[in-house]
Amino acid sequence: MTSRVNEGVIFLRRFVGAPRQVGSVMPSSPYLTRAMMDKIEWNDVRCMAELGAGTGVFTRAIVSKLGRGENLLVFEIDPALKALIEAEHLGVAVYGDAQELPQIMRDRNIRQLDCVVSSLPFAVLPPRVTAAILDVLDKTLKPGGKLIAYQYSTHMKPYFEKRFANVKISFVLRNVPPAFVYECTKARES
Ligand SMILES: C[S@@+](CC[C@H](N)C(=O)[O-])C[C@H]1O[C@@H](n2cnc3c(N)ncnc32)[C@H](O)[C@@H]1O
């Protein structure tokens with residue numbers, strides 16, 4: 001298994017190659033991981049997706065809660081990072097571009113998601129990609145479903161507020177860089 005130091009080196013290299021796609025210089029800290037995981041209502045989750053898995057820090061935490069299996073769809077667009085997660089054999093399916101989520105759900109006969117965990121750097125992705133992924137979230141989350149996302153600024157707040165019935169923001173200082181965690185709840189009737 002790749003050590004955490006090696007993971008950090010690989011992640012930094014991928015960042016240098018594609019800074020706006022990778023969006024940060026190092027994987028999320030255990031503090032940010034815990035803050036993200038604590039927002040998930042695990043008893044309500046039958047099926048969920050993780051977007052932008054990087055080296056798999058959240059993937060491991062999700063698998064430790066949900067167990068291995070069919071109920072988690074993981075997306076990582078960078079082929080080297082995707083291969084790193086696959087090599088760990090966490091027992092979950094890993095796909096490429098998060099924009100393909102609706103198609104993957106159709107293929108796997110999954111109707112709706114209870115929750116999506118996102119690390120995607122929405123604020124720096126091309127605006128049309130960010131808009132397309134927000135549309136994907138509209139389509140795939142169940143009414144009352146949750147998006148748990150982190151960002152390094154409050155830039156996305158109005159965009160999330162436009163699409164979700166409720167948006168709560170908290171702040172995690174112990175991460176490089178410190179991060180805002182968004183807990184966005186979709187309207188119940190849609
Ligand atoms: C800020 S990193 C977060 C990695 C990891 N989840 C963490 O918190 O340490 C964002 C990740 O999103 C991935 N990404 C960017 N655009 C994507 C897309 N359209 N589909 C899937 N992954 C994407 C990047 O390659 C990068 O690994």
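First listed ligand is number 1; within each ligand, the first listed atom is number 1.
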With a 3.5 Å distance limit and no angle check, can you tell me whether [X] reaches the backbone of [Y] through a side-chain donor-acceptor pair?
X: Thr130; Y: Phe122; value: yes
X: Glu76; Y: Gly54; value: yes
X: Asp97; Y: Ile77; value: no

Out of [options], indicate the one that has the non-hydrogen atom closest to [atom].
atom: atom 5 (C) of ligand 1; options: Gly23, Ala18, Ala53, Pro27; answer: Ala53
atom: atom 9 (O) of ligand 1; options: Pro121, Gly8, Ser24, Ser28; answer: Ser28
atom: atom 15 (C) of ligand 1; options: Met26, Gln21, Lys82; answer: Gln21
atom: atom 23 (C) of ligand 1; options: Leu120, Asp78, Leu125; answer: Leu120

### Message
So for atom CD, which belongs to Gln103, do other residues, nucleotides or ligands contribute more than 12 heavy atoms lying within a distance under 6.0 Å?
### Response
yes

Pull out every atom of ligand 1 sitting under 4.0 Å from any heavy atom of [X], numbered as shown with elements.
X: Ser119; result: 1 (C), 3 (C), 6 (N), 8 (O), 10 (C)
X: Phe58; result: 8 (O)
X: Tyr150; result: 1 (C), 3 (C), 7 (C), 8 (O)
X: Leu81; result: 27 (O)
X: Val22; result: 1 (C), 2 (S), 10 (C), 24 (C), 26 (C)
X: Phe11; result: 2 (S), 4 (C)
X: Gly96; result: 20 (N), 21 (C)
X: Asp97; result: 18 (C), 19 (N), 20 (N)

### Query
Just how far is it from atom CD1 of Ile10 to atom CG of Leu84, taken to the nearest 0.5 Å?
5.0 Å

### Task
State the CD-CZ distance between Gln112 and Arg46, to the nearest 0.5 angstrom.
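Those atoms lie 9.5 Å apart.
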
### Task
Work out which heavy atom in Ser29 is nearest to a heavy atom in Asn175; give both atom names and the distance.
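Closest heavy-atom pair between Ser29 and Asn175: N-OD1, 2.8 Å.
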
### Query
For the hydrophobic clusters of this structure (ILVMFWY residues joined by side-chain heavy atoms under 4.5 Å, transitively), does one cluster hold both Phe58 and Leu147?
no

### Message
Less than 4.5 Å apart, side chain to side chain, heavy atoms only: is that true for Lys39 and Lys168?
### Response
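Side-chain contact under 4.5 Å: no.
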
### Query
Does a salt bridge link Asp138 with Lys186, judged by any charged N lying under 4.0 Å from a carboxylate O?
no

### Query
Between Arg60 and Glu7, is there a salt bridge with N-O shorter than 4.0 Å?
yes

#### Entry: Shortest protein contact, atom 26 (C) of ligand 1 (heavy atom only)
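For atom 26 (C) of ligand 1, the nearest protein heavy atom is Glu76 OE1, 3.6 Å.
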
### Query
What protein heavy atom sits nearest atom 12 (O) of ligand 1, and how far off is it?
Gly52 CA, 3.2 Å

Please indicate whether any nitrogen or oxygen in [X] is less than 3.5 Å from any nitrogen or oxygen in ligand 1.
X: Gln99; result: no
X: Tyr152; result: no
X: Ile77; result: yes
X: Ala98; result: yes

